[in-house]
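Please see the structure below; I have some questions.
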Amino acid sequence: VTVLSPAGMEKAYRRMFLTTVRRMLNEMGVPFVWVGTDRKFDNWNDYREFLGRSLVFFMPTWQSPRPRARTEAMFSGCCIVSTPYQDADTYIKDGENGFLTTRVSMKDPRVMDNPEVTAKLIKRLVIDEPDLALRIGQEGKKTAQELFSYEKFADQWEALLKKIGVL
């Protein structure tokens, strides 16, 4: 599954990477749902339940500050397959609590990541080794609970406000 706006901000979202991976997965017979395009939800609870039943979440974007959809998927226990951008490589440990599409951050979006490698990884997780995806998804959920709690957020804001002299 992926969650990404179907239009706008093409440079940041790099839908070409997403659509190429999606086409390859389709050719391999791997089920794939693009939320917002293939499937829409009337309410938050239906979306949350769907995400909770999804095995793998794919985040293909290049620029987007800490995408909420990836965080929601981590909290839901989905196995994350993400580009290393938006600081993902600072908390997703490849093969431990998620997977990165590449281990090298690139500056030029035309030459980033490899759709074939990514599609093969997702196929492996969905078709060949779903138990691995389940285990890694639970590790990602633990990471999200540790890093993205309300308390952690409040502490970070307080530290920033003290640093700039507001508090």
Quiz prompt | Distance flag, aromatic centroids of Phe17 and Phe58, threshold under 6.0 Å | solution = yes
Exercise. Compute the ring centroids of Phe153 and Phe148, then answer whether they are less than 6.0 Å apart.
Key: no
Quiz item: What about Phe41 and Phe57, same hydrophobic cluster or not, with Ile/Leu/Val/Met/Phe/Trp/Tyr joined at side-chain heavy-atom distances under 4.5 Å?
Solution: yes
Self-check item: Approximate separation, where rounding is to 0.5 Å, of Lys163 NZ and Glu158 CD
Solution: 15.0 Å
Quiz item: At their closest point, which heavy atom of Leu25 faces which heavy atom of Ala119, and how far apart are they?
Solution: CD2-O, 3.4 Å
Exercise. Report yes if the side chains of Phe50 and Val35 come closer than 4.5 Å at any heavy-atom pair, otherwise no.
Key: yes
Quiz prompt | Heavy-atom donor-acceptor pair, Asn97 side chain to Glu139 backbone, under 3.5 Å | solution = no
Quiz item: How many angstroms lie between atom CE of Met74 and atom CG of Leu147, to the nearest 0.5 angstrom?
Solution: 7.0 Å
Self-check item: Atom pair CD (Glu129) and CZ (Arg135), whose distance is rounded to the nearest 0.5 Å
Solution: 9.5 Å
Exercise. State whether the number of non-hydrogen atoms from other residues, nucleotides or ligands found under 6.0 Å of Asp42 atom CG is greater than 12.
Key: no
Self-check item: Single-linkage hydrophobic cluster, 4.5 Å side-chain cutoff, Leu167 and Leu160 together
Solution: yes
Self-check item: In one Ile/Leu/Val/Met/Phe/Trp/Tyr side-chain cluster, 4.5 Å: Trp44, Val1
Solution: yes
Quiz item: Is the number of heavy atoms from other residues, nucleotides or ligands under 6.0 Å of Glu116 CD greater than 12?
Solution: no
Quiz item: Are side-chain N/O atoms of Asn26 and Arg23 paired as donor and acceptor at under 3.5 Å?
Solution: no
Exercise. Please test Lys152 against Glu146 for side chain to side chain contact (heavy atoms under 4.5 Å, CB included), starting from the C-alpha separation and ending with a verdict.
Key: CA-CA 8 Å; Lys152 183 104 173 175; Glu146 292 168 10; over 6 Å; no
Quiz prompt | Side-chain (Asp87) to main-chain (Thr90) donor-acceptor, under 3.5 angstrom | solution = no
Quiz item: Rounded to the nearest 0.5 Å, how far apart are CG of Leu121 and NZ of Lys123?
Solution: 11.5 Å
Exercise. Measure the shortest side-chain to side-chain distance between Leu132 and Arg124 over non-hydrogen atoms and say whether it is less than 4.5 angstrom.
Key: yes
Quiz item: Would you say the side chain of Thr101 lies within less than 4.5 Å of the side chain of Asn114, judging by non-hydrogen atoms?
Solution: no
Exercise. Using atom types as modelled and distance alone, determine if a side-chain donor or acceptor of Arg15 lies under 3.5 Å from a backbone N or O of Ser5.
Key: yes
Which side-chain N or O atoms in residues 75-84 pair as donor and acceptor under 3.5 Å with protein atoms at least two apart or in another chain?
unit_1, atom_1, unit_2, atom_2, d
Ser76, OG, Glu72, O, 3.0
Ser82, OG, Arg70, NH1, 2.9
Thr83, OG1, Thr61, O, 2.5

Self-check item: Met28, CE atom: more than 12 neighbouring heavy atoms under 6.0 Å
Solution: yes
Exercise. Indicate yes or no: at least one non-hydrogen side-chain atom of Pro130 is less than 4.5 angstrom from one of Leu125.
Key: no
Practice problem: Begin from the C-alpha positions of Val56 and Phe32 and carry the test side chain to side chain contact (heavy atoms under 4.5 Å, CB included) through to its verdict. | Solution: CA-CA 9 Å; Val56 174; Phe32 186 86; over 6 Å; no
Quiz item: Roughly how far apart are Ile136 CD1 and Lys141 NZ, rounded to 0.5 Å?
Solution: 15.5 Å
Quiz item: Is the NZ atom of Lys120 crowded by more than 12 outside heavy atoms at less than 6.0 Å?
Solution: no
Exercise. Would you give the length of the straight line joining atom CG of Leu51 to atom CZ of Arg53, rounded to the nearest 0.5 angstrom?
Key: 10.0 Å
Exercise. State, yes or no, whether a side-chain contact exists between Thr2 and Met59 at a heavy-atom distance under 4.5 Å.
Key: no
Practice problem: Check whether any side-chain N or O of Trp34 sits under 3.5 Å from a backbone N or O of Val3 as a donor-acceptor pair, and report yes or no. | Solution: no
Self-check item: Note, Asp38 side chain near Arg22 side chain (heavy atom, < 4.5 Å)
Solution: yes
